[in-house]
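The structure under discussion appears below in the form of structure tokens.
All of these numbers come straight from a predicted model, not from anything done at the bench.
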Amino acid sequence: MRIKINIETLIIFIFVITATLLNPLFDNIFIQYIDEMFMIFAIMRIFIKYKKRIKNNNRNMQLFRSTILYLIIIAIVGVISNANSGLVGIQAIIIDLIGMIKAPIVFIYVACICSDVTKKKTSKILRIIAQIYILIVFLFGVINLVTDIGMSYDVRYGIRTYEFIYRNPAALNEVIFCFLGVIYKEVKNKYILLLYSLCAIITVLLTLRGAALGLVVIFIYLFIVMKKNKNFKLKVSHIIIGVIGVCVVAKNQFVEYFMEESPRSLMLRNSIIVLKKYFPLGAGFATYGSDQAFKNYSPLYSLFGYNNIYWLSKEGGYAANDNFWPMIIGQFGCVGIIIYIYILVNQFRFVMKNKVGKNEKLIQIVLFTLLIISSVGNAIFTSVSGMLIYVFIALLMKDE
């Protein structure tokens, strides 16, 4: 099979391979800033193709206009808050701002600017890699279950949790569902789809992560519902049942984040205190919960005594730079919360209105749900992982 590759297909392919396979194995400047470089390329392509691909398409224009408007509002709110709080310097503010806007911009680029031909070429290439990848991770997952081969993250219920080559099991789950997306788009044989679905689900179960288990419940539930209903439309009842299923399966994880005395629950509770202190706009960029807040070790962290808590300290702060909603609450206040929810709602509407096959729609809903669930426990919307998920959601879309 020969596929003529254009520059857009090549760039997307490089980003996906770097984010999924090279990032966990190597650490250099190119890999470290692959998402920022991809964002710059996306901005250039949006600028070049704006009139043809966005201005002349009402739905694309609606997504573009609402996203850019809301991001501008968040930027203004953040800068005003920074001027009010005076906690960090301009460099940290700029870097944090870039982190906020990169994933939504890349989503606009792949969803609206890339043609069906580009998406099809990219999916065909990635499908081959995806099939090999899922079989390999499944095989090593089963081996790791039987004997320790150094691919475990921790032990839960007396069982080794599986992370493959990644820093945590969550990253593995994100890649599995993304790659499953292109398989569902390109493979039409139902038995082959069933094989890869089972391998993917079993691998996800081996990670023993509550959020991932909840996602499996949603995946299976939607698969059954869409199989029975030829003219499937997502209803409020589907969402309610899905939420209940996730809450039941992922109960322990939600308790850890919101109820127990864990680093993440502490970050969330103290974000409310920051909101009250700098009401109503928050403390501004790079002041709480973000990567730059940790790297510059925000004065608020010392104020809350995080330097005395290992997982939140300057030396070992694993949880101090891996938050999303605490970051939104603390840095952008009430306005930030409302604006970002609007961004997500508009993105979801845009995805749901796009007319694709049931297989593609199933994975799109699962991937978007993955974004929402992951945002509870980590900074998915400002990370390379979040950008990766957005890319795969957009690759499954059709040009209208």
Close aromatic pair by centroid cut-off 6.0 Å: Tyr340 and Tyr70: no

Where the side chain of [X] meets the backbone of [Y], is there a donor-acceptor pair that is under 3.5 Å apart?
X      : Y      : answer
Lys119 : Ala111 : yes
Asn6   : Thr9   : yes
Asn57  : Asn60  : yes
Arg264 : Asn323 : no
Tyr297 : Asn307 : yes
Tyr162 : Gly141 : yes
Ser374 : Leu371 : no
Asp116 : Lys398 : no

[X] side chain near [Y] side chain, heavy-atom distance below 4.5 Å:
X      : Y      : value
Phe30  : Thr18  : yes
Tyr306 : Ser298 : no
Phe304 : Leu266 : no
Ile43  : Tyr109 : no
Cys334 : Leu275 : yes
Thr287 : Tyr278 : no
Ile54  : Ile108 : yes

Linked, directly or transitively: Ile48 and Met61 (ILVMFWY side chains, under 4.5 Å):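 No, Ile48 and Met61 fall in different hydrophobic clusters.
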
Report yes or no: do [X] and [Y] form a side-chain donor-acceptor pair below 3.5 Å?
X      : Y      : value
Gln331 : Asp96  : yes
Asn346 : Thr67  : no
Glu174 : Tyr166 : no

Return the [atom1] to [atom2] distance between [X] and [Y], rounded to the nearest 0.5 Å.
X      : Y      : atom1 : atom2 : value
Phe368 : Phe350 : CZ    : CZ    : 11.5 Å
Leu215 : Ile220 : CG    : CD1   : 10.5 Å
Phe140 : Thr203 : CZ    : OG1   : 12.0 Å
Trp325 : Asn378 : CH2   : CG    : 12.5 Å
Leu135 : Cys199 : CG    : SG    : 5.5 Å
Tyr301 : Met267 : OH    : CE    : 4.0 Å

Phe41, CZ atom: more than 12 neighbouring heavy atoms under 6.0 Å: yes

Verdict with supporting geometry, Phe38 and Val384, side chain to side chain contact (heavy atoms under 4.5 Å, CB included): CA-CA 10 Å; Phe38 191 27; Val384 66; over 6 Å; no

From CA spacing to verdict: side chain to side chain contact (heavy atoms under 4.5 Å, CB included), Lys361, Lys355: CA-CA 8 Å; Lys361 188 62 66 181; Lys355 296 179 181 179; over 6 Å; no

Pairs meeting criterion side-chain hydrogen bond (donor to acceptor under 3.5 Å, both in side chains) with involvement of residues 77-92, two or more places apart: none

side-chain hydrogen bond (donor to acceptor under 3.5 Å, both in side chains) partners of Lys55, counting only residues at least two apart: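 With neighbours one apart ignored, the set is empty.
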
